Each structure stands twice: as C-alpha cells, then as structure tokens.
Amino acid sequence: DALWPIFIAFLVLEVTVGTFYAVSSSLRSKYLPGDLQASIMNIFRLPLNMFVVLGTKMTDWYEPRIVFFTVSAWFLMAAALQWLMTVSKAADAKKQD
C-alpha cells in the first residue's frame, strides 16, 4: 500500500535534485565571480556533506517518515533561500538601472 506514495515521492525528489543541478551551474556563473567560484563552492561543500551525514545517521535514530519530512524541509528551505537570493539580486539590479 505504501509503495506508490514512496515511489512518487522518490520521483519528485529525483526531479527536484536533477533540476537543481541543471540550474545551479547557471546560478553559479551569474552570481559568483569566475576566479572565486571553485573556492566558494568548496567552502559550501563542508556544510552540504554535514547535512548528508546527518540525514543518513537520522535513519538510525528516527523512523523513516520523520527522516523524510526533515530532509524534505531542508530541500524546501534551500529552495526558498535560492529564491530569496534571486529576488534580492533582481531588486539590486533594478535599483542600479
């Protein structure tokens, strides 16, 4: 009974992650200076890896439903922050015009 909701949630997750990787390169080139891009991305890799380890370890502590909702909340928070960055940058560009 739970197979289809889990499968659909998995597909939604895969689509959002795939979309992120497709969009992230254009965001990087637009908002990060080329000569600092690698350094900035490496600095942010540490917190990202910490989230991955924490999400994986949570499966030992909590039931899968709680872990799924927690990781989903992290994805939603990341999407909201990206949206805020885009809106902020567009507002700054509009002020300069």
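Starting from 1, each residue takes its place in the sequence as its number. Values in this document were obtained by computation on a predicted structure and should not be read as measured data.
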Minimum side-chain heavy-atom gap Leu32-Met41 below 4.5 Å: yes
More than 12 heavy atoms of other groups within 6.0 Å of Phe10 CZ: no
Contact check, side chains of Ile66 and Thr70, non-hydrogen atoms, under 4.5 Å: yes
Electrostatic pair Asp60:Lys57 at N-O distance under 4.0 angstrom: yes
Cluster check Leu13, Val23: I/L/V/M/F/W/Y, side chain < 4.5 angstrom: no
Same apolar cluster (I L V M F W Y, side chains within < 4.5 Å links), Val12/Leu76: no
Distance, nearest 0.5 Å, that separates CG of Leu11 from CD1 of Ile6: 12.0 Å
Selection residues 47-92 - residue pairs positive for ring-ring contact (aromatic ring centres under 6.0 Å, His included), sequence neighbours left out: Phe51-Trp74
Atom pair CG (Asn49) and CG (Leu54), whose distance is rounded to the nearest 0.5 Å: 12.5 Å
Heavy-atom closest pair, residues Ala22 and Ser25: O-OG, 3.5 Å
Distance in Å, Gln82 CD paired with Met77 CE, rounded so as to fall on 0.5 Å steps: 11.5 Å
Backbone N/O of Met85 and side chain of Ser88: donor-acceptor pair under 3.5 Å: no
Val71-Tyr21 co-clustered via ILVMFWY side chain contacts under 4.5 Å: yes
Phe44 side, atom CZ; Ser39 side, atom OG - distance, nearest 0.5 Å: 12.0 Å
